[in-house]
Amino acid sequence: MPYLRVALDIPLARLFDYMAETAELDMVGKRVVVPFGNRRLVGLVLEVDELPADPSLKIKPAEGVLDDLPALSAAVLDLLRFCADYYQYPLGQVVHTALPGRFREVGYFRVPPACAYQACDPDALMASLKPQARTQRRVAGLLAQPRSEAELRALAPSAWKLAQAWLAQDKLRSVPLAAVTLQVAAGPALNPEQAAAVAAIAAGQGFACHLLRGITGSGKTEVYLHAIAAILRAGRQALVLVPEINLTPQLEARFRHRFPGTAIVSLHSGVADGERAAGWVRAARGEAAIVLGTRLAVFTPLPRLGLVVVDEEHDASFKQQDGLRYSARDIAVYRARLAGVPIVLGSATPSLESWQNAVAGRYRRLDLVQRAVSGAQPPSMRLLPTRRQPLQDGLHAATLAAIGERLARGEQSLVFLNRRGYAPVIHCSECGWMAACTRCSARLTVHLRERRLRCHHCGWEQHFPPACPGCGNADIKPVGQGTQRLEATLASLFPEARVQRIDRDSMRRKGSFEAALKAIHAGEIDILIGTQMLAKGHDFPALTLVAVVGADGGLYSADFRASERLYAQLAQVAGRAGRADKPGEVLIQTDFPEHPLYQALLADDYAAFAATELAERKLAGFPPFLHQAVLRAEADTLAEAIAFLNRAVALAPESSEVTVWDPVAASMMRLASRERAQLLVQSAGRSRLGAFLAAWMPRLRSERNAKVRWSLDVDPLEL
DNA sequence: AGCACGCCGACT
DNA sequence: GTCGGCGTGCTC
């Protein structure tokens with residue numbers, strides 16, 4: 001009678017043994033329903049053995065192995081084991097974060113085989129439609145070729161319903177996807193740089209990591225599409241990761257257009273549970289040729305994986321910030337290595353980790369330094385010194401003049417300020433009081449329209465006080481600039497302009513972001529005010545001016561990654577200006593116009609910036625020259641959190657090659673009424689650090705600490 | 001994580 | 001007399 005070693009979604013770093021009722025040996029990678037305490041749980045069989053791991057335990061029989069899904073392959077299981085090991089996170093929980101939520105439910109999950117639909121007789125179908133039925137005719141026209149359900153759905157809301165009706169009337173037939181021959185629609189011709197990049201990616205045998213450094217507008221996506229076309233032709237699958245769900249729809253549309261009839265699965269948190277599970281199954285069965293998704297898609301089983309693409313690889317959203325704190329970019333590289341396939345990391349401003357890997361020769365650099373659309377000019381960039389300058393509500397006279405010019409020419413302007421709310425703080429001029437959150441160590445942000453003060457960290461809200469609670473002074477003023485204040489200022493300075501603010505507050509309602517993008521494209525907006533929401537990946541052909549306000553904060557921050565993020569953000573937002581035939585202009589208001597970061601940005605010299613930054617990091621002993629992990633603790637009092645961390649230091653294994661720093665209060669010490677502290681561990685060797693953590697974590701886990709919640713963050717992005 | 005067991009305070 | 005507070009311990 002075989003014993004099953006089962007991974008359960010339980011925060012314990014071990015597997016659980018069950019007796020199998022049958023003697024089948026191909027149960028590894030399958031779901032199993034097991035009794036657990038007085039509950040029934042769904043687990044995943046990771047191993048099958050003739051002997052129990054611990055004979056002293058009483059072992060219950062498993063209820064049954066579910067045979068509805070393709071078993072997880074050894075390749076994916078290896079990837080999950082690596083994650084558990086590398087991030088020191090319980091394997092059972094790794095398994096369950098990697099699987100779609102549906103699979104944790106007891107019950108069978110059925111996914112019909114993916115197929116495409118095609119008109120039996122395209123001409124007859126078209127002839128049967130009235131000339132004025134334009135949508136119907138468009139759908140019919142499309143169905144001359146095999147089309148997937150997703151493609152039809154993307155065409156028009158009614159298209160899929162229509163296709164189903166025709167299918168019922170036998171006007172359409174379904175074609176198994178395997179029988180659909182790959183079609184690749186024509187795209188723009190590649191310039192020599194792009195062609196060289198595609199050739200380099202295709203040329204390699206087995207694993208290779210390519211760092212595709214492409215300036216904005218250089219056509220990175222076109223390189224991905226060509227590289228993907230090549231591996232699809234070879235019958236392989238592609239995995240494409242993007243940082244945000246906001247970016248998936250437009251990329252998905254471009255992919256569908258290029259590969260008509262091909263099953264493209266979109267996986268991100270915006271996709272409904274059932275659909276996500278179905279997409280996962282289609283990828284696992286090998287029916288889907290392309291998986292396009294956010295970080296969670298990195299675990300999707302792909303039996304014929306041929307290429308991995310990570311777009312905007314520098315983006316921090318690839319790192320999960322809770323639970324299993326994995327970096328999807330790093331996991332993607334590891335996965336490509338395991339699978340022996342090439343991976344492309346694309347960015348205009350690569351992470352310094354990746355850049356250093358290229359410098360050291362571990363990654364191959366592919367550069368795109370020309371704009372793909374011939375004739376398109378890079379934006380002209382200018383710094384506006386703001387020191388000792390009279391500003392109008394934070395705006396330089398030249399900024400206002402430039403906006404005025406755009407208005408006169410009927411072009412769009414974007415004012416970029418990465419701070420939402422009306423003002424970051426409210427201040428009493430008499431006693432110096434500032435409104436602070438009672439639950440966090442943070443200032444309360446003024447939201448003037450709602451007449452409320454809000455904590456952007458914990459969500460606490462209160463009324464705008466009529467007078468200073470400290471001294472009773474009625475003259476309390478919002479200090480500093482937020483997007484709401486900029487919006488008010490610009491609306492009053494340019495009363496004829498149509499002003500739209502785009503930030504998390506104004507775009508809270510579902511679909512409002514899409515609606516705003518549409519309005520911008522339709523030319524219904526003159527002045528845009530936005531946070532980083534607007535900086536990423538969106539094309540606005542009529543936008544010719546980008547003005548950056550309040551960027552200096554990233555120059556002299558305590559966070560050693562702040563300047564890297566600032567450079568990336570500015571390069572990205574600058575890229576929004578003048579993408580079509582109209583030249584763009586970028587104005588950056590700053591108190592430090594001589595700062596090397598701005599100088600490199602103006603010269604569009606990322607290599608120079610990276611070299612300076614890496615030299616500083618090497619000198620100061622920061623990543624990527626060292627590897628870090630942070631142990632964070634949170635408790636009702638700071639003393640409890642620190643005491644736990646001190647205990648952790650005492651439990652730390654002896655290691656001359658790992659440095660364990662003293663516990664310190666977290667930079668946001670209080671958050672939602674909990675006090676937080678942390679402790680940094682670092683080592684020059686990645687495997688040394690890994691071995692240290694592997695020895696340390698079991699000791700910490702065996703500590704009984706009801707009051708302290710703690711977590712480990714390997715390769716933290718923020719300290 | 002759940003869920004039970006367990007021992008001390010205010011209620012129909 | 002019980003309902004229920006959350007501390008402690010266990011789950012193959």
Side-chain angles (χ1 to χ4, degrees), chain A residues 1-25 27-66 72 77 80-81 83-85 87-107 269 273 296 299 320-326 631-637 639-641 643-644 647 651 672-676 697-713:
Chain A
M1 199 62 91
Y3 291 89
L4 309 179
R5 265 315 171 257
V6 178
L8 294 172
D9 191 12
I10 295 291
L12 295 174
R14 71 183 106 126
L15 300 177
F16 292 84
D17 281 8
Y18 289 90
M19 276 181 295
E21 43 200 24
T22 57
E24 298 170 64
L25 282 170
M27 289 179 284
V28 171
K30 286 184 184 167
R31 297 201 300 154
V32 63
V33 180
V34 294
F36 190 75
N38 57 352
R39 298 183 278 167
R40 290 167 80 220
L41 296 179
V42 176
L44 197 81
V45 180
L46 290 195
E47 292 164 36
V48 179
D49 205 332
E50 286 308 312
L51 294 167
D54 181 349
S56 68
L57 291 169
K58 50 180 169 48
I59 293 177
K60 296 180 182 177
E63 270 184 44
V65 174
L66 299 174
L72 243 67
L77 293 180
L80 298 177
R81 274 188 273 260
C83 272
D85 199 47
Y87 293 107
Q88 285 299 315
Y89 203 69
L91 180 54
Q93 291 194 289
V94 171
V95 167
H96 287 269
T97 21
L99 290 177
R102 269 294 163 86
F103 300 159
R104 246 168 296 175
E105 295 164 22
V106 178
S269 55
D273 276 1
L296 58 89
F299 299 110
Q320 178 130 54
Q321 291 297 356
D322 52 67
L324 171 62
R325 295 166 176 268
Y326 67 101
L631 183 66
R632 294 182 228 270
E634 141 191 338
D636 288 336
T637 67
E640 283 170 306
F644 168 80
R647 186 100 195 88
L651 288 169
S673 296
R674 299 274 289 173
E675 304 272 337
R676 306 167 341 132
M697 286 301 113
R699 300 185 190 176
L700 274 185
R701 278 193 276 262
S702 61
E703 283 281 291
R704 303 231 113 266
N705 266 110
K707 287 184 165 178
V708 179
R709 280 169 58 102
W710 61 272
S711 64
L712 180 75
D713 190 349

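In this text, all values refer to a predicted model and were calculated from it rather than measured experimentally. Lettering of chains follows the sequences in order, A, B, ..., and the numbering in each one begins at 1.
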Notebook entry, point to check: A:Leu12 near the nucleic acid: base, sugar-phosphate alone, or nothing, with a heavy-atom cut-off under 4.0 Å?
Noted result: base
Item checked: Contacts of A:Asp49 that satisfy salt bridge (Lys or Arg N to Asp or Glu O under 4.0 Å) - sequence neighbours left out -> A:Arg5
Item checked: Sugar-phosphate only, base, or nothing, as touched by A:Pro35 at under 4.0 Å among non-hydrogen atoms -> sugar-phosphate
Checklist line | Listed once per pair and sorted, the side chain to side chain donor-acceptor pair (under 3.5 Å) pairs that draw on residues 88-98 of chain A, sequence neighbours left out | finding: none
Item checked: salt bridge (Lys or Arg N to Asp or Glu O under 4.0 Å) against A:Arg81, all qualifying residues, sequence neighbours excluded -> A:Asp78
Check: Got a sec, which residues hit side chain to side chain donor-acceptor pair (under 3.5 Å) with A:Asp713, two or more places apart in sequence or on another chain?
Finding: A:Lys319, A:Arg325, A:Arg632
Checklist line | side chain to side chain donor-acceptor pair (under 3.5 Å) partners of residues 34-48 of chain A, not counting sequence neighbours, each pair once | finding: A:Arg40-A:Glu63
Check: Want to settle it: does A:Pro11 or A:Asn38 sit nearer the 5' end of DNA chain B, counting the closest nucleotide to each?
Finding: A:Pro11
Next item on the list: Check DNA chain C against residues 89-104 of chain A and give the residues with a non-hydrogen atom under 4.0 Å, in numerical order.
Entry: none
Next item on the list: Quick one: label A:Leu57 by what it contacts on the DNA or RNA (base, sugar-phosphate, nothing), any heavy atom closer than 4.0 Å.
Entry: base
Item checked: Range on DNA chain C touched by chain A - first to last nucleotide, heavy-atom distance under 4.0 Å -> C:dG9 to C:dC12
Margin query: Heavy atoms only, 4.0 Å cut-off, all strands: where does A:Tyr18 land among base, sugar-phosphate and nothing?
Written below: sugar-phosphate
Next item on the list: Identify, with sequence neighbours excluded, every residue that meets side chain to side chain contact (heavy atoms under 4.5 Å, CB included) alongside A:Asp636.
Entry: A:Glu640, A:Arg674
Check: How would you list, by chain and number, every residue that makes a side chain to side chain donor-acceptor pair (under 3.5 Å) with A:Glu703, sequence neighbours excluded?
Finding: A:Arg647
Check: What residues, two or more places apart in sequence or in another chain, satisfy side chain to side chain donor-acceptor pair (under 3.5 Å) together with A:Ser56?
Finding: A:Asp54
Checklist line | Outermost nucleotides of DNA chain B that come under 4.0 Å of a non-hydrogen atom of chain A | finding: B:dA1 to B:dA4
Next item on the list: Could you pull out all residues at least two apart from A:Arg14 that satisfy salt bridge (Lys or Arg N to Asp or Glu O under 4.0 Å)?
Entry: none
